[in-house]
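One structure is given below, encoded as structure tokens.
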Amino acid sequence: MLEIQKIRQDAQPFIDGLKNRNIKDAAEKIEQLLTLDQNRRDSITELEQLRNTMNQSSKSIGKLMKEGKKEEAEAVKSELASSKERIKDLEQEVQTIESSTYDLLTTLPNIPHPSVPLGKDASDNAVISQNDIQVTFNFTPKPHWDLALEHDIIDWKLGVKLTGSGFPVYKGKGAILQRALINFFLTKAREAGYTEIMPPLMINEASGFGTGQLPDKEGQMYEVQLDGFYLIPTAEVPITNLYREDILNQEDLPIKNCGYTPCFRREAGSYGKDVKGLNRLHQFDKVELVQVTLPDHSYDTLEKMTSYVESLLTALELPFRRLLLCTGDATFTSAKTYDLEVWSAGQEMWLEVSSVSNFETFQANRLKLRYRDENNKTQLLHTLNGSALALPRIVAALLENNQQADGSILIPEVLRPYTGFDRIGETI
RNA sequence: AGAGAGUUGCCGGAGCGGUCGAACGGGCUCGCCUGGAAAGCGGGUAUACCUCAAAAGGGUAUCGGGGGUUCGAAUCCCCCACUCUCUGCCA
């Protein structure tokens, strides 16, 4: 959530930023916000003055009662009646203004960092870099859904039987591969200084709000209505919300956490080849990184986190490229996002496997996540996160890129200690 | 799931419907004391918002969350959440 105090100080960067986000009536919205803000402050000023006199009168009534001057007390009481009504009205007014402000503010996305390219949609994302790993075949590589079926390692039909589409069942070496990847990613993260967190897989509404999934994105999350919980769409939600309403000490920063969780996404409206096979699931596994940093350090951290994720892809010998998402394609909460995509030879397409974002204060503002600065004042921190990594598309790419002429699939060297086997399927 | 008890500041812990942002103790911190330290003594020690050009100062709100009664609520009433104990159930 954007900081109203900052908008009040200097609205122009916000107007520009929102325009770059393709919000046409950005200026009007900011203007509305400022008006609401002014009205709110006017009302509060009056309200608090009234409350002040009210409090004082109440005290004097107390005194008069003690002194036994009942009639005088009654007189003061009757004088208060009108203020009391006015206070009620003003309270109502403030509440209305605040909820309008909230409604408006929650529709506004984060302001993009100056380095983010302008653009409408994914086609305007900038390819920043690409590694030099190539995969070549002297036969036509198959898509992973065929390979998975042939080797009986992933079963979509069973998933449909148990639950529905988008909930595959991993079997045998398919299941072991999942576990191996999770373990590999977590081990690497620990070596890189991240603390492993195993959070709840359901969150409450306050947590959903804190990281920006609620109030608007309910459609993305599965809801357990009876208990008022949501299934997490990513470990980012619980792991970032660990620090909700905290005031951290500078010496505790940066916070570097990682965690493996299944992720649950409704993905309403997705269709076509995007959802084929492992490309887009309702339940998938992911290891997530979360960092909380001082404002001055967040962009440096963003680069380091992204490089770290790239090192995982390199270790897995996958061809990948790094995108810088344009102003139109970055997520609602992000100020700057890098996407990492791997090349999947069977489908001949790039698959997004990681998204690394700096949210600056956008989440921290919602979370009320602060630190004490040199002057002992509380300031909002910056939050970041990144997938390291999301499993299904990694699995898709591994299967497709590492398939051999004989139909078997080689496991990358680094994973073998984790899988205990070096190949899926028959060798010649 | 049923019955009961509870939820107060960084922690422990008081609190009668009235001057309670909250006794008392501990912690932390500053000052004095000391050659230095301990002890001792004295002071400070929440957050958000409003006011103010800013600082100072002043004000409002906050005692799990929300609503209500009242001139006035940490204290009374209602709803919700959480914690603990017992019973039940169970990986």
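Just so it is clear: chains get the letters A, B, ... in the order the sequence lines come, proteins before strands, and each one is counted from 1. Computation of the quantities below employed the complete heavy-atom set of this structure, encompassing side-chain atoms and omitting hydrogens, waters and symmetry-equivalent molecules.
Looking only at side-chain heavy atoms (C-beta outward), A/Leu162 and A/Val169 come within less than 4.5 Å of each other. A heavy-atom distance below 4.5 Å is not found between the side chains of A/Phe264 and A/Tyr230. Taking 4.5 Å as the limit, some side-chain heavy atom of A/Phe184 sits within range of a side-chain heavy atom of A/Val414. In this structure, A/Val356 and A/Lys304 have side chains that are not in contact, with every pair of non-hydrogen atoms separated by 4.5 Å or more.
Separating the C1' atom of B/A46 from that of B/A81 is a span of 24 Å, rounded to the nearest Å. When the C1' atom is used for both B/U47 and B/U85, the distance is 34 Å, rounded to whole Å. When the C1' atom is compared between B/A38 and B/C32, the two are found 15 Å apart, to the nearest whole Å. When the P atom is used for both B/G9 and B/U75, the distance is 14 Å, rounded to whole Å. Rounded to whole Å, the C1' atom of B/A14 lies 7 Å from the corresponding atom of B/C24. Across B/U70 and B/A56, the matching P atoms stand 40 Å from one another, rounded to whole Å. When the C1' atom is used for both B/C33 and B/C41, the distance is 8 Å, rounded to whole Å. Comparing B/G15 with B/C76, their P atoms are spaced 12 Å from each other, to the whole Å.
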> How does RNA chain B look in dot-bracket notation if pairs are Watson-Crick or G-U with both distances under 3.5 Å, crossing ones as [ ], other-strand ones as |?
Replying inline: ((((((((.[[[..)..(.....]]]((((((.......))))))((((((.....)))))).[[[[[..)....]]]]])))))))....

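Cation-pi geometry between A/Lys336 and A/Tyr299 is not met: the NZ or CZ atom fails to fall both under 6.0 Å from the ring centre and inside 45° of the normal.
Counting any heavy atom pair closer than 4.0 Å across all strands shown, A/Glu91 reaches no nucleic acid atom. As judged by a 4.0 angstrom heavy-atom cut-off over every strand, A/Ser57 is placed among residues making no nucleic acid contact. A/Ile44 comes within contact range of the sugar-phosphate backbone alone, with a heavy-atom separation under 4.0 Å but no base atom that close. Residue contacts shown for A/Asn55 are limited to sugar-phosphate atoms, with no base heavy atom under 4.0 Å away. Counting any heavy atom pair closer than 4.0 Å across all strands shown, A/Thr378 reaches sugar-phosphate atoms only and no base atom.
Between A/Lys77 and A/Asn376, the residue anchored nearer the 5' end of RNA chain B, judged by the nucleotide with its closest heavy atom, is A/Asn376. Between A/Lys377 and A/Leu80, the one whose closest nucleotide on RNA chain B sits nearer the 5' end is A/Lys377.
If you walk RNA chain B from 5' to 3' and mark each nucleotide with an atom closer than 4.0 Å to a heavy atom of chain A, the marks span B/G18 to B/G72.
The pair A/Lys171-A/Asp152 counts as a salt bridge, with a side-chain nitrogen and a carboxylate oxygen less than 4.0 angstrom apart.
Judged by distance alone, the side chain of A/Thr337 and the main-chain N or O of A/Ser334 form no donor-acceptor pair under 3.5 Å. Looking at A/His382, its side chain never comes within 3.5 Å of a backbone N or O of A/Ser298 through a donor-acceptor pair.
Among pairs with a residue in residues 58-106 of chain A, those fulfilling ring pair (Phe, Tyr, Trp, His ring centres under 6.0 Å) read A/Tyr102-A/Phe209, at least two apart in sequence or across chains.
In the displayed structure, A/Met202 atom CE is contacted under 6.0 Å by at most 12 heavy atoms of other residues, nucleotides or ligands.
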